[in-house]
**Student:** 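I have a structure here, written as structure tokens, and I will follow up with some questions on it.
Values reported hereafter were calculated over all heavy atoms of this structure, with side chains retained and with hydrogens, waters and symmetry mates removed.
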Amino acid sequence: MKFSGIVTLVLGIFLFISPPEIAAGDMARKNSEGKVTIRVTYENPGKADPAFSVSMNTHSVNLDGYDMGELSLLRDGKGREYRGKWTSPEGGGHHISGVLLFEGLKPDAGKIELIIRDVAGIKERKFTW
């Protein structure tokens, strides 16, 4: 076996045993439609109960009345939908953050899409991983 073949084999085994870490920046998404910017970070990729850090920022809209658990859903690659729960909200007025939790994501979910509806006149904002 040539040297390059051995290197490829060893590298393949290493990657199979130790999958590469996904950088936090790769999990962050942003939507700035309308008058509100929403930033979402997928905190625990691959887990059955996904968690997303969410922050909303604006200079002109009062964000206190938005229940992100009611306005959000998670859709997997098979079309299944999961309802969220808004936890740990902080801030108020023009700057609010918290965590959206979803339960029971199936192992065969494939790609996932977080949908946030009806914030500041924007019908749907989609964040995909």
Side-chain angles (χ1 to χ4, degrees):
M1 183 181 279
K2 293 183 178 179
F3 180 74
S4 64
I6 293 171
V7 170
T8 302
L9 177 63
V10 170
L11 182 58
I13 291 170
F14 176 76
L15 291 174
F16 178 76
I17 294 171
S18 311
E21 291 294 316
I22 298 173
D26 293 342
M27 295 291 105
R29 304 288 187 268
K30 176 176 130 179
N31 178 289
S32 297
E33 292 178 84
K35 296 180 179 182
V36 176
T37 296
I38 300 179
R39 294 178 191 271
V40 178
T41 302
Y42 189 1
E43 296 293 344
N44 58 347
K47 302 294 182 186
D49 298 330
F52 300 87
S53 295
V54 178
S55 67
M56 297 187 294
N57 294 289
T58 183
H59 293 288
S60 58
V61 177
N62 185 347
L63 300 171
D64 290 332
Y66 292 106
D67 179 343
M68 298 305 286
E70 292 293 320
L71 301 175
S72 303
L73 68 89
L74 189 67
R75 183 178 297 137
D76 69 18
K78 303 281 185 181
R80 296 175 293 229
E81 295 183 350
Y82 307 84
R83 298 300 305 174
K85 179 179 177 185
W86 183 234
T87 64
S88 310
E90 296 180 0
H94 295 210
H95 308 283
I96 293 181
S97 62
V99 177
L100 271 171
L101 299 174
F102 296 86
E103 294 181 356
L105 186 66
K106 307 291 187 222
D108 65 344
K111 80 169 189 172
I112 60 169
E113 185 173 59
L114 174 62
I115 300 166
I116 300 176
R117 295 185 172 137
D118 301 321
V119 173
I122 304 302
K123 184 175 177 161
E124 283 190 346
R125 299 170 196 245
K126 295 180 180 181
F127 306 88
T128 305
W129 293 267

**Student:** OG/Ser53 to CD/Glu43 distance, rounded to the nearest 0.5 angstrom?
**Tutor:** 3.5 Å
**Student:** For Thr41 versus Ala28, what's the shortest heavy-atom pair and its separation?
**Tutor:** OG1-CB, 3.9 Å
**Student:** Between Trp129 and Phe52, is the ring centroid distance below 6.0 Å?
**Tutor:**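 Between Trp129 and Phe52, the centre distance is under 6.0 Å.
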**Student:** Do any N or O atoms from the side chain of Thr58 and from the backbone of Ser60 form a donor-acceptor pair under 3.5 angstrom?
**Tutor:** yes
**Student:** Heavy-atom count check: over 12 atoms from other residues, nucleotides or ligands less than 6.0 Å from Glu124 CD?
**Tutor:**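 Check passes, neighbour count above 12.
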**Student:** Taking all heavy atoms of Lys30 and all of Phe127, pick out the closest pair and write down the distance.
**Tutor:** C-CE2, 4.0 Å
**Student:** Determine whether a donor-acceptor pair (N or O, by modelled atom type, separation under 3.5 Å) exists between the side chain of Arg125 and the backbone of Glu33.
**Tutor:**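 Checking the backbone N and O of Glu33 against the side chain of Arg125, a donor-acceptor pair under 3.5 Å is found.
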**Student:** Go through Leu114 and Phe102 one step at a time and tell me if the side-chain contact (heavy atoms from CB on, under 4.5 Å) criterion holds.
**Tutor:** CA-CA 10 Å; Leu114 174 62; Phe102 296 86; 3.6 Å; yes
**Student:** Where is the tightest heavy-atom contact between Ser72 and Ile116, given as atom of each residue plus distance?
**Tutor:** OG-CG1, 3.6 Å
**Student:** Assess whether a salt bridge exists between Asp108 and Arg80, defined as any Lys/Arg side-chain N lying under 4.0 Å from an Asp/Glu carboxylate O.
**Tutor:**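 The answer is yes: the pair qualifies as a salt bridge.
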**Student:** To the nearest 0.5 Å, how far apart are NE2 in His94 and CG in Asp64?
**Tutor:**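 Reported value, rounded in 0.5 Å steps: 8.5 Å.
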**Student:** Measure across Pro50 and Asn44 and return the closest heavy-atom pair with its distance rounded to 0.1 Å.
**Tutor:** CA-OD1, 3.3 Å
**Student:** Checking side-chain contact (heavy atoms from CB on, under 4.5 Å) against Ile115, which of Leu73, Leu71, Thr128, Leu74 comes through?
**Tutor:** Leu73
**Student:** Could you check whether Tyr82 and Asp76, counting side-chain N and O atoms only, form a donor-acceptor pair closer than 3.5 Å?
**Tutor:**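 Yes - a donor-acceptor pair under 3.5 Å links their side chains.
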**Student:** What about Leu101 and Ile112, same hydrophobic cluster or not, with Ile/Leu/Val/Met/Phe/Trp/Tyr joined at side-chain heavy-atom distances under 4.5 Å?
**Tutor:**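 In one cluster: no.
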**Student:** About how many Å separate CD of Glu113 and CD of Glu81, when rounded to the nearest 0.5 Å?
**Tutor:** 9.5 Å
**Student:** In the single-linkage hydrophobic clustering (I, L, V, M, F, W, Y; side-chain heavy atoms under 4.5 Å), do Val61 and Val40 co-cluster?
**Tutor:**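 Val61 clusters together with Val40.
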**Student:** Please check: side-chain N/O of Asn57 versus main-chain N/O of His95, any donor-acceptor pairing under 3.5 Å?
**Tutor:** no
**Student:** Looking only at heavy atoms, what is the nearest atom pair of Met56 and Val36, with distance?
**Tutor:**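 Shortest heavy-atom separation between Met56 and Val36 comes out as CB-CG1, 4.2 Å.
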**Student:** What's the spacing between Met27 CE and Arg29 CZ if we round to 0.5 Å?
**Tutor:** 6.0 Å
**Student:** For residues Ile96 and Gly91, report the shortest heavy-atom separation together with the two atoms involved.
**Tutor:** CG1-C, 4.2 Å
**Student:** Is the side chain of Thr87 donor-acceptor paired with the backbone N or O of Val99 at a distance under 3.5 Å, no angle test?
**Tutor:**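 Present.
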